[in-house]
Amino acid sequence: MTTQIRQQDGISIVEPNGRIVGSSASELRKAIAPQIEAYDEPRILINFEKVHRIDSIGIGVLIEAHVAATKKKGRIGVVHVGKHIRNVIVINRLVHLFEHFDNEDTAISALSA
């Protein structure tokens, strides 16, 4: 798995590519953690457009990110969540942890407010 990070309007946009399973989930952790640490109130958007599979370890990374961002009064949004990932999030009752957006522009507007 690879992860690209870019900034737009004070939002860190994290774009993982590949499967977030097993040890590859640590790559996502390594990408998100500095984005949370670098800001007083981190605003992060995770774009799942190029991710088709996530396992419990990947879900754990997302939960860790949510907890860390919340402690700093930050927010984490998600966009382009595919059917598999949406099902995993709903089954694990985690849907309320993340702000869901239909597209990147809407997400950036909402998270930068």
Side-chain angles (χ1 to χ4, degrees):
M1 187 196 80
T2 59
T3 303
Q4 298 293 322
I5 299 172
R6 58 189 168 87
Q7 301 291 324
Q8 185 174 333
D9 297 337
I11 310 297
S12 297
I13 302 169
V14 179
E15 297 175 317
N17 185 353
R19 297 167 21 135
I20 305 173
V21 297
S23 62
S24 69
S26 66
E27 294 299 320
L28 183 60
R29 180 182 291 116
K30 289 177 187 175
I32 294 175
Q35 302 306 311
I36 293 171
E37 293 168 12
Y39 297 94
D40 292 333
E41 292 182 26
R43 303 284 193 243
I44 297 172
L45 176 64
I46 304 172
N47 184 339
F48 285 102
E49 187 171 19
K50 297 178 182 173
V51 176
H52 304 289
R53 177 94 39 216
I54 190 167
D55 68 1
S56 60
I57 297 170
I59 293 293
V61 168
L62 296 177
I63 292 169
E64 288 173 19
H66 168 75
V67 169
T70 301
K71 284 181 181 178
K72 296 181 81 174
K73 296 183 173 48
R75 296 166 61 191
I76 296 182
V78 296
V79 67
H80 299 298
V81 179
K83 184 178 178 181
H84 170 76
I85 295 171
R86 184 180 316 275
N87 288 343
V88 170
I89 290 172
V90 169
I91 287 169
N92 288 291
R93 298 181 182 169
L94 303 173
V95 75
H96 65 281
L97 292 183
F98 306 100
E99 298 178 58
H100 296 260
F101 298 99
D102 293 329
N103 62 60
E104 193 171 290
D105 291 336
T106 303
I108 290 168
S109 293
L111 290 172
S112 49

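In this text, all values refer to a predicted model and were calculated from it rather than measured experimentally. Along the sequence shown, residues carry numbers from 1.
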Beyond-backbone contact of Glu99 with Val78, side-chain heavy atoms, under 4.5 angstrom: no
Flag the pair Pro42 / Gln35 as yes when at least one side-chain heavy-atom distance between them is below 4.5 Å, and no otherwise. no
Between Thr70 and His66, is any pair of side-chain heavy atoms under 4.5 Å apart? yes
Mind listing the closest non-hydrogen atom pair of Val81 and Ile85 along with its distance? CG1-CG2, 3.7 Å
With sequence neighbours excluded, residues passing side chain to side chain donor-acceptor pair (under 3.5 Å) with Asp102: none
By salt bridge (charged side-chain N to carboxylate O under 4.0 Å, His left out) - contacts of Glu37 (at least two apart): none
I need the full list of side chain to side chain donor-acceptor pair (under 3.5 Å) pairs touching residues 48-57, with sequence neighbours left out, sorted by first then second residue. Arg53-His84
From CD1 (Ile36) to NZ (Lys71), nearest 0.5 Å: 11.0 Å
One should read off an interatomic distance between His80 NE2 and Asn47 CG, to the nearest 0.5 angstrom, of 5.0 Å
Set of residues satisfying salt bridge (charged side-chain N to carboxylate O under 4.0 Å, His left out) with respect to Glu64, sequence neighbours excluded: Arg29
N/O donor-acceptor pairs under 3.5 Å from side chains in residues 14-25, not counting sequence neighbours:
residue : atom : partner : partner atom : Å
Glu15   : OE2  : Arg6    : NE           : 3.4
Glu15   : OE2  : Arg6    : NH2          : 3.0
Ser24   : OG   : Arg19   : O            : 2.9
Ser24   : OG   : Val21   : N            : 3.1
Ser24   : OG   : Val21   : O            : 2.6

Taking all non-hydrogen atoms of both residues, which atom of Ala31 and which atom of Ile5 are closest, and how far apart? O-CD1, 3.4 Å
The reported gap from OG in Ser109 to CD in Glu104 (rounded to nearest 0.5 angstrom) is 10.5 Å
For Ile13, the other hydrophobic cluster members (4.5 Å side-chain criterion, sorted by chain and number) are Ile11, Leu45, Val79, Phe101, Ile108, Leu111
CD of Gln8: more than 12 outside heavy atoms within 6.0 angstrom? yes
Given side chains that start at C-beta, do those of Ile46 and Ile32 come closer than 4.5 Å, heavy atoms only? yes
